[in-house]
Participant: 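Here you go, one structure.
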Amino acid sequence: RVLALSLEIYREPKRLTDDLSSLGLRHVGYGIPTDLFPPFVTCYVEAVKDICSDQLVGDSFAWSLGLISRMLMRTITEGSTMVMQAINVNS
């Protein structure tokens with residue numbers, strides 16, 4: 001899914017923005033902390049760059065995944081209302 005999203009940001013950025021908002025709000029419900037996103041992105045980008053010989057492809061993937069990560073983190077931060085946090089604690 002990560003690879004598909006990183007391609008989709010180039011093909012249909014407006015639609016993906018809406019999809020990412022929805023995905024980010026699901027992550028709020030799952031209680032995923034935003035501090036896990038940067039290490040995930042770093043590991044994923046390093047893995048792709050290790051198997052890809054084209055530097056431009058690796059850099060493009062890093063840019064798109066970084067953007068997607070920041071969009072998700074913003075949605076999670078803005079969507080983490082007190083009500084959502086209380087729901088997560090009581091789940």
Side-chain angles (χ1 to χ4, degrees):
R1 181 85 174 128
V2 173
L3 292 173
L5 290 174
S6 67
L7 287 172
E8 204 63 30
I9 194 87
Y10 292 105
R11 293 182 182 149
E12 295 187 55
K14 178 150 177 46
R15 187 185 62 73
L16 185 65
T17 300
D18 294 337
D19 292 349
L20 288 175
S21 292
S22 183
L23 180 62
L25 291 175
R26 282 197 306 268
H27 277 69
V28 170
Y30 303 147
I32 306 294
T34 56
D35 58 345
L36 295 179
F37 281 81
F40 173 81
V41 170
T42 300
C43 291
Y44 218 110
V45 167
E46 285 179 12
V48 167
K49 286 186 175 184
D50 284 346
I51 62 172
C52 182
S53 60
D54 187 339
Q55 172 135 4
L56 182 59
V57 171
D59 291 344
S60 298
F61 178 73
W63 179 84
S64 64
L65 191 56
L67 177 61
I68 289 167
S69 172
R70 288 188 302 276
M71 292 168 73
L72 286 171
M73 289 189 322
R74 181 175 180 158
T75 301
I76 291 167
T77 301
E78 291 177 358
S80 294
T81 63
M82 294 180 90
V83 172
M84 285 300 292
Q85 290 172 359
I87 290 170
N88 287 338
V89 169
N90 291 329
S91 296

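Below, all heavy atoms of this structure are taken into account, side chains as well, without hydrogens, waters or symmetry copies.
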Participant: Would Leu67 and Leu3 show up in the same hydrophobic cluster when neighbours are defined by side-chain heavy atoms closer than 4.5 Å?
Facilitator: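 Different clusters: Leu67 never reaches Leu3 through Ile, Leu, Val, Met, Phe, Trp or Tyr contacts under 4.5 Å.
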
Participant: Just so I know, are the side chains of Phe61 and Cys52 near enough to count as touching, which here means a heavy-atom distance under 4.5 Å?
Facilitator: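 They are not in contact (no side-chain heavy atoms under 4.5 Å apart), so the answer is no.
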
Participant: Distance from Ile9 atom CD1 to Met71 atom CE, nearest 0.5 Å?
Facilitator: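 The CD1 atom of Ile9 sits 5.0 Å away from the CE atom of Met71.
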
Participant: Is Arg15 atom CZ crowded by more than 12 heavy atoms from other residues, nucleotides or ligands, each under 6.0 Å away?
Facilitator: yes

Participant: Is there a continuous path of hydrophobic side-chain contacts, each under 4.5 Å between heavy atoms, that joins Leu56 to Trp63?
Facilitator: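 No, Leu56 and Trp63 fall in different hydrophobic clusters.
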
Participant: Less than 4.5 Å apart, side chain to side chain, heavy atoms only: is that true for Leu23 and Leu72?
Facilitator: yes

Participant: Consider side-chain contact (heavy atoms from CB on, under 4.5 Å). Of Ile68, Leu20, Leu16, which one does Glu8 pass it with?
Facilitator: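 The passing option is Leu16.
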
Participant: Specify the closest pair of heavy atoms between Thr17 and Pro13, including all atoms of both residues, with the distance to one decimal.
Facilitator: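 It is OG1-O, 2.7 Å.
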
Participant: Working to the nearest 0.5 angstrom, can you tell me the gap between Leu7 CG and Ser64 OG?
Facilitator: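 With rounding to 0.5 Å, CG (Leu7) is 7.5 Å from OG (Ser64).
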
Participant: Any non-hydrogen side-chain atom of Asp59 less than 4.5 Å from a side-chain atom of Lys49?
Facilitator: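 Asp59 reaches Lys49 side chain to side chain.
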
Participant: If I take atom CZ from residue Arg26 and atom OG1 from residue Thr75, how far apart are they, to the nearest 0.5 angstrom?
Facilitator: 11.5 Å

Participant: If I take atom CG from residue Leu36 and atom CE from residue Met73, how far apart are they, to the nearest 0.5 angstrom?
Facilitator: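 Here the rounded value is 11.0 Å.
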
Participant: Can Val41 be reached from Ile51 by stepping across I, L, V, M, F, W or Y side chains whose heavy atoms are under 4.5 Å apart?
Facilitator: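 Each belongs to a different hydrophobic cluster.
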
Participant: Is Leu5 reachable from Phe37 through a run of I, L, V, M, F, W or Y residues, each pair having side-chain heavy atoms under 4.5 Å apart?
Facilitator: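 Yes: a chain of side-chain contacts under 4.5 Å links Phe37 to Leu5.
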
Participant: So how far is it from Ser69 OG to Arg74 CZ, rounded to the nearest 0.5 Å?
Facilitator: 13.5 Å

Participant: To the nearest 0.5 Å, what is the distance between OG (Ser22) and NE2 (His27)?
Facilitator: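 Taking OG in Ser22 and NE2 in His27, the distance rounds to 11.0 Å.
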
Participant: Give the minimum heavy-atom separation between Tyr10 and Ser60, together with the two atoms involved.
Facilitator: OH-O, 2.9 Å

